[in-house]
Amino acid sequence: MSRLAHSRLQDSTASTDSIANGTAPAGKVKDQAAYAAEAGGSALLQTYARYPVNLVRGHGSWLWDDQGNRYLDFMSGLAVTNLGHAPEKVKEKVKAQLDTLWHVSNLFGIPQQEQAARLLTQVTGADAVFFCNSGAEANEAAIKLARRYHQKVKGEERYEVITFEQSFHGRTLATLTATGQQKVKDGFLPLPAGFVTVPLHDLEALKAAIGPHSAAVMLEMVLAEGGVYPVDKEFVQQVAALCKQEGLLLIIDEVQTGMGRTGSWFAHQQYGIEPDIFTSAKGIASGLPAGALLAKGYLREAFTAGTHASTFGGNPVSAAAIVATIETMLEEQIPERVKEMGEYLQQRLREAFADQPFVKEIRGLGLLIGIECAAPVVELVTAGQKNKLLFVTAGPNVIRLLPNLKVSKEEIDQAVDTLAALINTHTAASSAEKEENQ
């Protein structure tokens, strides 16, 4: 341990002891105690509004907390554990890799990474893959690739990326600037230049935003964080045609919609387009941290040796998980299954809420479902946890359902029945409260 670290540890220990025995200066005790109270005694920065549940074990569609309670999981870690918790083939392949090799630099060949890339190109229209660790990194890489392609390969001073309102692309400085939601940008000024945001489904606004410095259009197929809004197919095709006409690259953000979530390997495959670049993360490695940028072959020239890198991207363990995830999806025909189960889930929801005025709309694609309600739904999320059903929001008035892609009809039935009971109880209580206040 260095002298500085040892000194800090001594200071920390002395400070803790002085608080305990009451000998520390009053002001210092107050400050430290206040910080500790605000953080609930945690040493973590409080960047998450955490629920009062500690989850410690998972299998399939089920999670257990540290009190032994079992929950039906319709969050999947926010569309991450697509094959359920601890899928067998992925677990076996990762364990075998942990016994062999954990990490080497990307300056060397990594066979598992090459295998993962081959599998991804086989199930998509992409020709080349870059691996990283998250969706934000994948989108950041997509932005860099688009800019460098225009500037170094085409010799054009193009750098602007056009995105859409209510989109979400990540929380790095570039990707939060690309995001079409003001709330994620608060307090992070100045934001990077080179981004323009236009209303969704407004082709004329998009045309007006295109200028001599425009490099790419970046689009989600479903605005998942923005309310679970599937983008209109005709609009997507018009955007793709406009990009070709104007010499712009088309980037599709598939971080949440990819890896079978919507009923195809990637959602854009249902839209009749071939993007120049698309991104993936979340479900790509069944819960291990991994992300990927996938691109057409002509973009290879823009990303040559030394132009972009990731220390941990595509490491042997994560790559093994990606390989096992894709192999499982191929063997079990997961995208086809998602299409069927997604239709079943929407059908059950429509039946359950046909006469419930609190539910305004049910929408989505595959097993990415949004239930728009007449009022904020945060209390329903908490009530769901108390009734051992986990789901999440997509904006103040939208319930988002993200079951794993191997979910059974029985589990769907149980989730819908529980959710219907929660909403009926909630609306009855709200009506009774209104009557009392009249």
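Note that the numbering runs from 1 along the sequence shown for the chain. For clarity, every value in this text was computed on a predicted model and none was experimentally measured.
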(Q) Can you tell whether the side chains of Glu274 and Lys296 come within less than 4.0 Å, N to carboxylate O? (A) yes
(Q) Looking only at side-chain N and O atoms, does Asn82 offer a donor or acceptor that is under 3.5 Å from a partner on Ser286? (A) no
Q. Taking all non-hydrogen atoms of both residues, which atom of Ala79 and which atom of Gln256 are closest, and how far apart?
A. CB-CG, 3.8 Å
**Q.** Heavy atoms of other groups near Arg350 CZ, more than 12 under 6.0 Å
**A.** yes
Q: Check whether more than 12 heavy atoms from other residues, nucleotides or ligands sit under 6.0 Å from atom NZ of Lys185, and answer yes or no.
A: yes
**Q.** Over all atoms of both residues, closest heavy-atom pair of Gly247 and Arg158
**A.** O-NH1, 3.3 Å
**Q.** Rounded distance [0.5 Å steps], CG in Leu390 versus CG in Leu55
**A.** 6.5 Å
Q) Do Val217 and Leu248 touch side chain to side chain, with heavy atoms closer than 4.5 Å? A) yes
Q: Would you indicate whether His59, at its atom NE2, is surrounded by more than 12 heavy atoms from other residues, nucleotides or ligands within a distance under 6.0 Å?
A: no
Q.
Would you say that Leu242 contacts Leu206 through its side chain, given a criterion of any heavy-atom pair below 4.5 Å between the two side chains?
A. yes
Q.
Does Thr328 form a side chain to side chain donor-acceptor pair (under 3.5 Å) with Thr325? I'd like the steps, not just the answer.
A. CA-CA 5 Å; Thr328 300; Thr325 298; over 6 Å; no
Q: Look at Lys91 together with Glu88 and state whether they make a salt bridge at an N to O cut-off of under 4.0 Å.
A: yes
(Q) Checking the side chain of Thr100 only, and the main-chain atoms of Ala96 only, is there a donor and an acceptor separated by less than 3.5 Å? (A) yes
Q: Count the heavy atoms of every other residue, nucleotide or ligand shown that sit under 6.0 Å from OH of Tyr298, and state whether that count exceeds 12.
A: yes
Q: Determine the sole option in Ile362, Leu380, Leu349, Thr393 for which the side-chain contact (heavy atoms from CB on, under 4.5 Å) test with Ile399 is passed.
A: Leu380
Q: Report yes or no: do Gln181 and Gln166 form a side-chain donor-acceptor pair below 3.5 Å?
A: no
Q) Would Arg400 count as a cation-pi partner of Phe391, with NZ or CZ less than 6.0 Å from the six-membered ring centre and within 45° of the ring normal? A) no
Q: Identify the two heavy atoms, one from Arg337 and one from Leu405, that lie closest to each other, and give their separation to 0.1 Å.
A: NH1-O, 3.0 Å
Q.
Could you check whether any side-chain N or O of Tyr271 sits under 3.5 Å from a backbone N or O of Val231, counting only pairs where one atom can act as donor and the other as acceptor?
A. yes
Q.
Does the Lys NZ or Arg CZ of Arg147 fall within the cation-pi geometry relative to Phe195 - under 6.0 Å from the ring centre and within 45° of the axis?
A. yes
Q: Dump the intermediate steps for side chain to side chain donor-acceptor pair (under 3.5 Å) on Asp276 and Tyr149, then the final yes or no.
A: CA-CA 11 Å; Asp276 302 284; Tyr149 173 73; over 6 Å; no
Q. Can Arg348 and Asp417 be said to form a salt bridge (Lys or Arg N to Asp or Glu O under 4.0 Å), step by step?
A. CA-CA 9 Å; Arg348 287 285 289 109; Asp417 290 345; 3.0 Å; yes
Q.
Does either side chain, that of Ser408 or that of Glu411, offer a donor lying less than 3.5 Å from an acceptor on the other one?
A. yes
**Q.** Non-hydrogen side-chain atoms of Leu219 and Leu200 separated by less than 4.5 Å
**A.** yes
(Q) Taking CG in Asp186 as the centre, count heavy atoms belonging to other residues, nucleotides or ligands within less than 6.0 Å. Is the count above 12? (A) no
Q: Could you check whether the rings of Phe235 and His201 sit parallel, tilted or perpendicular, using 30° and 60° as the cut-offs?
A: perpendicular
Q. Would you call Gln113 and Phe131 a side-chain contact if the rule is heavy atoms closer than 4.5 Å?
A. yes
Q.
I'd like to know whether Asn404 forms a side chain to side chain donor-acceptor pair (under 3.5 Å) with Thr81, so could you lay out the CA-CA distance, the side-chain angles of the two residues, the decisive distance to 0.1 Å, and finally the verdict.
A. CA-CA 6 Å; Asn404 74 78; Thr81 54; over 6 Å; no
**Q.** Leu249 versus Cys243, closest heavy-atom pair with distance
**A.** O-SG, 4.2 Å
Q | Atom pair CG (Asp253) and OG1 (Thr163), whose distance is rounded to the nearest 0.5 Å | A | 10.5 Å
Q: In sequence, state the C-alpha distance, the side-chain angles, and the governing distance for Ser167 and Thr179, and then conclude on side chain to side chain donor-acceptor pair (under 3.5 Å).
A: CA-CA 5 Å; Ser167 61; Thr179 292; 5.4 Å; no
Q. Just wondering, do Val392 and Leu401 contact through their side chains at under 4.5 Å, heavy atoms?
A. no
Q: Look at the side chain of Lys388 and the backbone N and O of Lys386, then say whether any donor-acceptor pair between them is shorter than 3.5 Å.
A: yes
Q: Answer yes or no: does atom CD of Glu336 have more than 12 heavy-atom neighbours from other residues, nucleotides or ligands under 6.0 Å?
A: yes
Q. Which distance, rounded to the nearest 0.5 Å, do you find between the CG of Asp232 and the CE of Met221?
A. 10.5 Å
Q.
Are the side chains of Ile277 and Leu299 in contact, using a 4.5 Å heavy-atom criterion?
A. yes
Q) Does any non-hydrogen side-chain atom of Leu120 lie less than 4.5 Å from one of Ile326? A) yes
Q) Rounded to the nearest 0.5 Å, what separation is found between the CH2 atom of Trp265 and the OG1 atom of Thr124? A) 10.0 Å
Q.
Is it the case that the side chain of Gln356 and the backbone of Phe358 share a donor-acceptor pair, with hydrogens and angles ignored and the cut-off at 3.5 Å?
A. yes
Q. Rounded to the nearest 0.5 Å, how far apart are CG of Asn397 and CD of Glu361?
A. 12.5 Å
Q: Would you confirm whether Ser42, through its side chain, and Leu44, through its main-chain N or O, come within 3.5 Å as a donor-acceptor pair?
A: yes
Q.
How close do Ile110 and Pro316 get, counting heavy atoms only, and between which atoms?
A. CG2-CG, 4.0 Å
Q: Report yes if the distance between the aromatic ring centroids of His150 and Tyr159 is under 6.0 Å, otherwise no.
A: no
Q | Pair Asp73-Ser61, side-chain donor/acceptor within less than 3.5 Å | A | no
(Q) Quick one, Leu367 and Leu402 - any side-chain contact, counting heavy atoms below 4.5 Å? (A) no
Q) Between the side chains of Thr262 and Gln270, is a donor N or O closer than 3.5 angstrom to an acceptor N or O? A) yes
Q | Ile162 CD1 to Leu250 CG distance, which is reported to the nearest 0.5 Å | A | 11.5 Å
Q.
Before you tell me yes or no, could you show the steps for Arg261 and Glu254 under salt bridge (Lys or Arg N to Asp or Glu O under 4.0 Å), namely the whole-Å CA-CA distance, both residues' side-chain angles and the distance that decides it to 0.1 Å?
A. CA-CA 10 Å; Arg261 171 59 57 182; Glu254 294 261 19; over 6 Å; no
Q: Please name the residue in the list Lys339, Gln346, Met341 that meets the side-chain contact (heavy atoms from CB on, under 4.5 Å) test with Glu343.
A: Lys339
Q: Check step by step if side chain to side chain contact (heavy atoms under 4.5 Å, CB included) holds for Leu72 and Trp62.
A: CA-CA 5 Å; Leu72 179 54; Trp62 299 90; 3.7 Å; yes
Q. Looking only at heavy atoms, what is the nearest atom pair of Val94 and Ala321, with distance?
A. CG2-CB, 3.8 Å
Q) Which word best sums up how the rings of Phe303 and Phe130 line up, parallel for under 30°, tilted for 30 to 60°, or perpendicular for over 60°? A) perpendicular
